[in-house]
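The structure appears right after this line, and notes come after that.
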Amino acid sequence: LQHKLYKNTAITIAVIVVTIAILFFFGLQLLVKLSLFLGNIKSIGEIPSASENAFILPPILDPIPEATNSAGIPISGIGSSEGQTIEVYLNGAFITDTLVDKELRFSVSELRLEIGENQIAAKAKQGDKESELTQEVIVAFETTPPALEVKEPFGGQMVRKTPQVKVVGKTEPEVRIVINEFLPVVDSSGNFSFIFPLKEGENLVKVVASDRAGNQTTNEIKVIFEP
């Protein structure tokens, strides 16, 4: 009987030890998880301050030409809130500012450009908050007319029988050529040719080269046709 009592006591002690070990191990994990859970609830319940929650959207600039021969261009666009201040930057430097009206529009009558490429950007400000700069828009200010050489025909050339003449010339790449009202093909090197129709008597062949900024070079040749 005494042996059986010892055996039961040993079993009971073993069960208690195992139970304590399980409670210690898993209870500790549960305690950690509960602590993390309560911490998350606290962070979710916190309301961000105005300085953390407020932000301003950058303005939207209206389309700007990629090149111009004018020293100044207008800048306009859309803001996100009436009364915002829109700051305009040129080549990384602040130039001027303007206000957003009740229709959320803003404009600067003239932004003076520098010769060559100009990088234009803007940002919005309201109170002590400001937006990021808009993506820079590149505008080229170019005033030099494109080169133009008309190789054929020559001035005063007489044409007989066939009422046409071949116009051959060269300009710069990416320059548009107009021969009177006709648009010949200009290759990647600036070469062009066109069969120009003639009427009886004197014909004025007017070749105009225009670059992307609107600069032009004109060459006029008189050709006489006799049937």
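- Side chain of Asp187 to main chain of Val185: no donor-acceptor pair is present (N/O by atom type, distance under 3.5 Å, no hydrogens or angles).
- Defined by atom type and a distance below 3.5 Å, a donor-acceptor pair is missing between the side-chain atoms of Asp97 and Thr85.
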| task | Using the side-chain contact (heavy atoms from CB on, under 4.5 Å) rule, take Asn118 and Ile138 through it: C-alpha gap first, then chi angles, then the decisive distance, then the call. | result | CA-CA 5 Å; Asn118 294 264; Ile138 297 178; over 6 Å; no
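- Under the 4.5 Å side-chain heavy-atom criterion for ILVMFWY residues, no single connected hydrophobic cluster contains both Val165 and Val208.
- The residues Glu130 and Lys123 are annotated as salt-bridged, a charged nitrogen and a carboxylate oxygen being separated by less than 4.0 angstrom.
- Side-chain atoms of Lys170 come within 3.5 Å of backbone atoms of Ser189 as a donor-acceptor pair (strictly under, hydrogens ignored).
- Note: the hydrophobic cluster containing Val88 also contains Phe141 (ILVMFWY, side chain heavy atoms under 4.5 Å, direct or indirect links).
- Between Pro59 and Ser131, the shortest heavy-atom distance links the atoms CD-OG, 3.9 Å.
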| Where do Val137 and Glu66 land on the side-chain contact (heavy atoms from CB on, under 4.5 Å) test, with the steps shown first? | CA-CA 8 Å; Val137 179; Glu66 68 173 34; over 6 Å; no
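- Pairing each heavy atom of Pro153 with each of Ile221, the nearest pair is O-CG2, 3.9 Å.
- Taking CD1 from Ile75 and OG1 from Thr96, the interatomic distance works out to 11.0 Å, rounded to the nearest 0.5 Å.
- In the hydrophobic clustering of this structure, Val178 does not group with Val223; members are Ile, Leu, Val, Met, Phe, Trp, Tyr whose side-chain heavy atoms approach within less than 4.5 Å, directly or through other members.
- A donor-acceptor distance shorter than 3.5 angstrom exists from the side chain of Asn180 to the backbone of Leu204, with no hydrogens or angles considered.
- Between the CD atom of Glu117 and the CD atom of Glu136 there is a distance of 11.0 Å, given to the nearest 0.5 Å.
- Using a 4.5 Å heavy-atom cutoff, the side chains of Glu200 and Glu226 are not in contact.
- A salt bridge is defined here as a Lys NZ or Arg NE, NH1 or NH2 lying under 4.0 Å from an Asp or Glu carboxylate O, and Asp62 with Arg105 meets this definition.
- Side-chain atoms of Thr171 come within 3.5 Å of backbone atoms of Ala147 as a donor-acceptor pair (strictly under, hydrogens ignored).
- Note: the hydrophobic cluster containing Phe194 also contains Phe192 (ILVMFWY, side chain heavy atoms under 4.5 Å, direct or indirect links).
- We find the CZ-CD1 distance between Phe182 and Ile177 to be 15.0 Å, quoted to the nearest 0.5 Å.
- Rounded to the nearest 0.5 angstrom, Ile86 CD1 and Thr134 OG1 are separated by 9.5 Å.
- No hydrogens or angles considered: nothing links the side chains of Glu142 and Asn215 as a donor-acceptor pair under 3.5 Å.
- The backbone N or O of Ile224 lies less than 3.5 Å from no partner atom in the side chain of Asn203, so there is not a single donor-acceptor pair.
- Looking at Thr217, its side chain does come within 3.5 Å of a backbone N or O of Pro146 through a donor-acceptor pair.
- Here Glu174 does not pair with Arg212 in a salt bridge; the nearest charged N to carboxylate O distance is not below 4.0 Å.
- Taking 4.0 Å as the cut-off between side-chain N and carboxylate O, Glu152 and Lys166 do not count as a salt-bridged pair.
- Both Ile64 and Ile78 belong to a common hydrophobic cluster when Ile, Leu, Val, Met, Phe, Trp and Tyr are linked at side-chain heavy-atom distances under 4.5 angstrom.
- Using a 4.5 Å heavy-atom threshold, the side chains of Leu90 and Ile120 count as touching.
- Closest non-hydrogen pair, Gly79 versus Val100, comes out as CA-CG2, 4.1 Å.
- For Gln126 against Glu82, the heavy-atom pair with the smallest separation is NE2-O, 4.0 Å.
- Among all heavy-atom pairs drawn from Leu133 and Ala121, the shortest one is CD2-CB, 4.3 Å.
- Within a 6.0 Å sphere centred on CD of Gln164, heavy atoms belonging to other residues, nucleotides or ligands number more than 12.
- The number of heavy atoms from other shown groups lying within 6.0 Å of NZ (Lys199) is above 12.
- Using a distance-only test at 3.5 Å, with no hydrogens or angles considered, no donor-acceptor pair links the side chain of Thr143 to the main chain of Asn69.
- Here the CG atom belonging to Leu104 is positioned 8.0 Å from the CD atom belonging to Gln84, to the nearest 0.5 angstrom.
- Across all their heavy atoms, Ile56 and Ser80 have their closest contact at CG2-OG, 4.2 Å.
- One finds a salt bridge joining Arg112 and Glu110 here, because a Lys/Arg side-chain nitrogen approaches an Asp/Glu carboxylate oxygen to under 4.0 Å.
- Residues Val186 and Asn191 fail the side-chain proximity criterion, which asks for heavy atoms closer than 4.5 Å.
- From Phe196, atom CZ reaches atom NZ of Lys206 across 12.0 Å, with rounding to the nearest 0.5 Å.
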